[in-house]
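Accompanying notes for the structure given below.
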Amino acid sequence: MDSNSEPLISPPVTRFAPSPSGHLHVGGARTALFCWAFAKGRGGKFVIRIEDTDQKRSSDAASVGFLKDLEWLGIRWDEGPVYNAPDGSAVGGGPHGPYFQSERLDLYNHHIQRLLDAGSAYEAWDSAEELEAFRKDSLARKEAFRYRFRGEPTAEERAKFAAEGRIPVVRFRSALVAVTIPDEVLGHTVLPAGEVDDFVIRKKDGFPTYHFAVVVDDEFMCVTHVFRAQEHFTNTAKHVLLQDALGFRRPIYGHLSIIKNPDDSKMSKRDKDKVLRKAVKEQGLSAPPANTVTHEEWSSWLASDNVQLSLDGAIALATALQVVLPEINVDDFRRSGYLPEVICNFLALNGWSPGHDIEKFDNAFLKERFGLDRVLKTPAKFDRVKLLAFNTDAMNAMAHDDFVTRCRAHAVIFRPEFLARLNAEQFKLLMLATKERSKTLDEPFKSNAFLLESDESLPFKDDKSVRKALGIGATLEAGAKSGLDHLRAMHSILAACAWEHDALEHAAMEYANVHAGGKIGSVAQPLRIAASGATVSPPIWDTLLLVGKAGTLRRLERCIEWAEALR
Ligand code: GLU
């Protein structure tokens with residue numbers, strides 16, 4: 001069978017077809033979300049296909065990463081690569097597989113042969129140098145270079161080329177006709193005859209090009225609607241010509257505008273390198289900080305703006321330089337502690353509007369309401385401040401237990417050191433103590449790094465508020481006690497105290513009533529500095545419970561010593 005006989009009618013079949021050459025960008029995630037919502041809201045199917053025909057750029061790890069990110073967002077596919085979700089369920093599979101293009105070569109070759117037999121495609125033996133010369137020639141004539149059939153080589157020429165080690169590509173003989181690029185979002189556009197060149201459909205490595213594989217797969221996976229990034233708009237002309245030559249059905253197309261930064265620049269993974277380069281310059285660093293990147297990586301990265309650091313390298317460097325990397329990929333937002341339902345909501349708003357001033361909604365609502373009529377034609381601007389506000393609202397609305405469970409799930413992946421450090425009760429205590437001021441799931445961890453420090457090396461922050469709380473440099477009235485004095489006294493009181501919230505509070509209150517005029521804050525704040533190294537931490541008695549008795553006492557001793565040396 002050379003094409004499917006089923007007509008392309010409802011229920012719709014959409015697909016998301018990532019090239020696994022990195023991480024899932026938010027733009028890609030939005031495309032997937034729209035494809036999913038369109039199909040699922042109409043009783044149809046959502047398919048995932050991995051476009052790995054560019055062998056140099058594809059990797060298995062990247063494919064799995066894409067699937068993991070989609071699953072995390074709650075975007076599940078009816079057909080596609082099999083993926084075992086963390087909840088134990090399996091997603092994917094289906095009757096039109098395999099869903100990796102690299103495993104479908106026979107199918108592509110069969111249809112390339114059909115085109116060759118029909119004279120709609122031909123082998124082209126040009127070397128890279130020859131192609132370059134053609135290009136220069138066109139340039140000299142101020143014409144766009146469009147490859148056209150250059151005549152059939154003779155048997156001798158073929159033999160000569162083969163002897164030279166040349167391998168032919170297969171090119172599609174594009175019909176010299178005006179092509180209508182169908183687009184239900186931007187409107188149809190007619191491309192004048194002759195704009196599409198004789199593009200390559202099979203590369204020297206035997207793999208089909210993206211254009212060919214996509215057309216074959218959309219046909220055999222019965223795809224009815226193709227929604228993809230606007231950068232593919234002109235590619236669609238090629239796909240239409242191929243469909244006509246192959247006798248394939250034509251899906252409905254919709255091209256989606258890109259997502260931009262508020263300053264109008266493209267939201268690109270290079271933004272991370274930009275932030276890091278700026279910090280390196282500002283901090284005047286001439287060598288990579290310890291445990292970040294190698295000297296080689298560092299110099300090649302600094303030598304050219306086109307070189308990007310690996311994700312691990314960028315994270316390590318950002319930590320060392322104390323800068324926050326802009327989130328670009330789905331995984332970045334996950335690491336930063338954003339909720340998947342908030343990301344979906346926000347992404348949908350960046351390119352679609354439900355109308356009636358509705359801004360907050362879930363995927364069920366999106367599925368119900370999504371249609372092409374309200375997809376925006378112009379690029380959306382990604383407003384991080386608004387995203388954080390959405391996330392904060394969702395975090396505040398979360399029930400306590402839910403919050404703890406979700407923080408734990410976050411910690412399992414991104415903050416395992418906290419799980420190793422805290423028992424279940426302490427973990428819950430920390431989460432609930434931090435809940436109110438947490439805008440992301442990562443905040444309880446990010447703002448409580450003092451818990452991971454060793455009691456022997458916790459650094460104490462030397463700033464104005466710390467000095468004030470400890471009474472360093474202050475002249476005291478006769479008989480008055482400084483924060484440092486309170487610390488000395490509290491050491492023995494705490495040493496004799498049961499390590500429970502009420503007992504700690506009671507002991508400190510009793511002391512404060514006698515020695516601090518009843519001002520518990522004058523006692524609590526020095527204790528906080530000693531236990532956490534600075535003036536901000538969870539409520540004081542929780543902080544002490546989390547640090548533990550032995551740890552608190554040791555930290556107090558070290559803080560006293562440190563403060564005495566400052567005086
Ligand atoms: N593999 C293409 C990409 O990652 C998608 C092509 C398509 O959706 O047709 O941009």
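Atoms within a ligand are numbered from 1 in the order they appear, just like the ligands themselves. For this chain, numbers begin at 1 and follow the sequence in order.
Taking only nitrogen or oxygen atoms, main chain and side chain alike, Glu231 does not reach within less than 3.5 Å of ligand 1. Of the N or O atoms in Val214, none lie within a sub-3.5 Å distance of an N or O in ligand 1.
The cationic group of Arg15 does not satisfy the cation-pi geometry with Phe46, failing either the under 6.0 Å distance to the six-membered ring centre or the 45° limit from the ring axis.
Interface atoms of ligand 1 facing Glu51, defined by a heavy-atom separation under 4.0 Å, are 1 (N), 2 (C), 5 (C), 6 (C). Taking a cut-off of under 4.0 Å to the non-hydrogen atoms of Arg228, the atoms of ligand 1 that pass are 7 (C), 8 (O), 9 (O). Counting atoms of ligand 1 from 1 in the listed order, those under 4.0 Å from a heavy atom of Arg15 are 7 (C), 8 (O), 9 (O).
Judged by distance alone, the side chains of Asp362 and Asn345 never bring a donor and an acceptor atom under 3.5 Å apart. Side-chain atoms of Asp126 and Tyr147 form a donor-acceptor pair, as typed in the model, at a separation below 3.5 Å. Side chains of His255 and Asp183: a donor-acceptor N/O pair is present below 3.5 angstrom, by distance only. Side-chain N/O atoms of Asn363 and Glu341 include no donor and acceptor closer than 3.5 Å.
In this structure, the protein non-hydrogen atom closest to atom 10 (O) of ligand 1 is His232 NE2, 2.9 Å. Distance from atom 5 (C) of ligand 1 to its nearest protein heavy atom, with residue and atom name: Ala17 O, 3.2 Å.
The existence of a salt bridge linking Asp244 and Arg250 is confirmed by a sub-4.0 Å separation between a basic side-chain nitrogen and an acidic carboxylate oxygen.
Residue Tyr210 places a heavy atom under 4.0 Å from ligand 1.
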